[in-house]
Amino acid sequence: MAESHGSPWVYKPNSVAAMMFLILFIITTLWHVIIVFRRRVRYFIVLVFGGILEIAGYTTRFLATRDTNNLTFFIIQTLCILVAPALFAASIYMVLGRMILLVRGERYSPIKPSRLTALFVGGDIVTFIIQIMGSGMLSSNFSLGKTIILIGLAAQIVFFALFVALASLFHRRLSRNPTEQSLSVDARRGKKGWRGVMFDIYLSSAMIFVRSVFRFIEFTGDHDSTLQKSEAFLYVCDSTLMLGVLAVLIYYHPSEYVPGRKEIKHMQEGEELR
């Protein structure tokens, strides 16, 4: 449904859907806040900030349903919902780096864990900034802003593809020649040990990757494109998938096996795995 002249929306945003996802993102983000403080996993603070951006995005989206001509609401919700997944990705990158250190699998990774984290988190920050710049320009120069967003999304997709390829290579090598530490992790408790953490990484990465591809295709179209004329695509291919990332990481939080960097360093100095 097209909106009236002067409105940045090409359809009338649904208040019920916006409120439903707002509540769900509040619940899942608060849950992650509790996990971060209880388990002292600082590397997941970035993911919490991503959840806060989702909350801000759906809050302003709900407010926009009552004032569809408000350009500020439109830009804020676009920006927050667009860039939040980059922060989810940053936490996933850090999980892999710490997992490699935990199982003493440095020789199985093409890139040293410290460089791996710096490379992918650094790339994530760059794509994050690019998308923010593009979103901020939508009101003044929509065409240029959209182009900049597309560059950011394309870079994010490339980084994610490289990350998954690297994670798969490490997984395959470690499976063929397990380290003593990986066997120790497997023996600790259920949920499939380090392989469960890798499955966590793959599933979360897949949802973010599919979402990024969707947003890239969406932004390549114009206001009359099918993806932009119906908000159902946004809720299915973005909102639901990003909520899924938070839910998966609650059900099987990597911190059950992967502690912070300092704790891993202590373990490598001779302390027993907990």
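This one's a predicted model, so the numbers in the text were calculated from it and none came from an experiment.
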Can F74 and T60 be said to form a side-chain contact (heavy atoms from CB on, under 4.5 Å), step by step?
CA-CA 7 Å; F74 177 79; T60 49; over 6 Å; no

Do V248 and Y251 pass the side-chain contact (heavy atoms from CB on, under 4.5 Å) test, and can you show the C-alpha distance, the side-chain angles, and the key distance before you say yes or no?
CA-CA 5 Å; V248 165; Y251 173 71; 5.9 Å; no

Between F209 and S204, is the side-chain contact (heavy atoms from CB on, under 4.5 Å) condition met? List the steps.
CA-CA 9 Å; F209 185 83; S204 300; over 6 Å; no

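Proximity of L96 to M198: side-chain heavy atoms (C-beta onward) are separated by under 4.5 Å at one or more points. Using a 4.5 Å heavy-atom threshold, the side chains of L162 and L119 count as separate. Proximity of R98 to P113: side-chain heavy atoms (C-beta onward) are nowhere separated by under 4.5 Å. With contacts defined as side-chain heavy-atom distances shorter than 4.5 Å, the pair E54/L246 does not qualify. Side-chain contact between R211 and V245 is absent, with no heavy-atom pair separated by less than 4.5 Å. With a 4.5 Å cut-off on side-chain heavy atoms, P110 and L166 count as touching. Counting only heavy atoms from C-beta outward, the side chains of M94 and V46 approach each other to under 4.5 Å.
Within 6.0 Å of CE in M133 there are 12 or fewer heavy atoms belonging to other residues, nucleotides or ligands.
Below 30°, between 30° and 60°, or above 60°: for F21 and F25 the angle between ring planes is between 30° and 60°, a tilted geometry. Under the 30°/60° scheme for interplanar angles, the aromatic rings of F159 and F120 are found to stand perpendicular. In this structure, H32 and F44 have parallel ring planes: the angle between them is below the 30° cut-off, well short of the 60° mark.
For an aromatic pair to be called close, the ring centres must be under 6.0 Å apart, and F214 with F233 fails this. Between Y108 and H171, the distance separating the two ring centers is not shorter than 6.0 angstrom.
Atom OH of residue Y235 and atom CG of residue N14 lie 6.5 Å apart, to the nearest 0.5 angstrom. We find the CD-NZ distance between E218 and K146 to be 10.0 Å, quoted to the nearest 0.5 Å. Atom OG1 of residue T179 and atom CD1 of residue I100 lie 11.5 Å apart, to the nearest 0.5 angstrom. The CD atom of Q156 sits 8.0 Å away from the CG atom of L82 when rounded to the nearest 0.5 Å. From L116, atom CG reaches atom CZ of F163 across 7.0 Å, with rounding to the nearest 0.5 Å.
A donor-acceptor pair under 3.5 Å is formed between the side chain of S205 and the backbone N or O of I201. T220 places a side-chain N or O within donor-acceptor distance of the main-chain N or O of I217, the cut-off being under 3.5 Å. For T117 (side chain) and S114 (main-chain N/O), no donor-acceptor pair under 3.5 Å exists by modelled atom type.
If you chain together hydrophobic residues whose side chains sit under 4.5 Å apart, V210 and L227 fall into the same group. Connection of L241 to I23 is established within a shared hydrophobic cluster, with ILVMFWY side chains joined at heavy-atom distances below 4.5 Å, either directly or through further cluster members. Cluster annotation: V236 and L22 are assigned to distinct hydrophobic clusters (Ile/Leu/Val/Met/Phe/Trp/Tyr, side-chain heavy-atom contacts under 4.5 Å, transitive).
In this structure, R61 fails the cation-pi test against F73, since its NZ or CZ atom is not both closer than 6.0 Å to the six-membered ring centre and inside 45 degrees of the ring normal.
Minimum interatomic distance between P8 and T68 (heavy atoms only, all atoms of both residues): CD-O, 3.2 Å. Shown here for L249 and P254, the closest heavy-atom pair between the two residues is CD2-CD, 4.0 Å.
For the 3.5 Å distance criterion, the side chains of S255 and R39 qualify, holding a donor opposite an acceptor.
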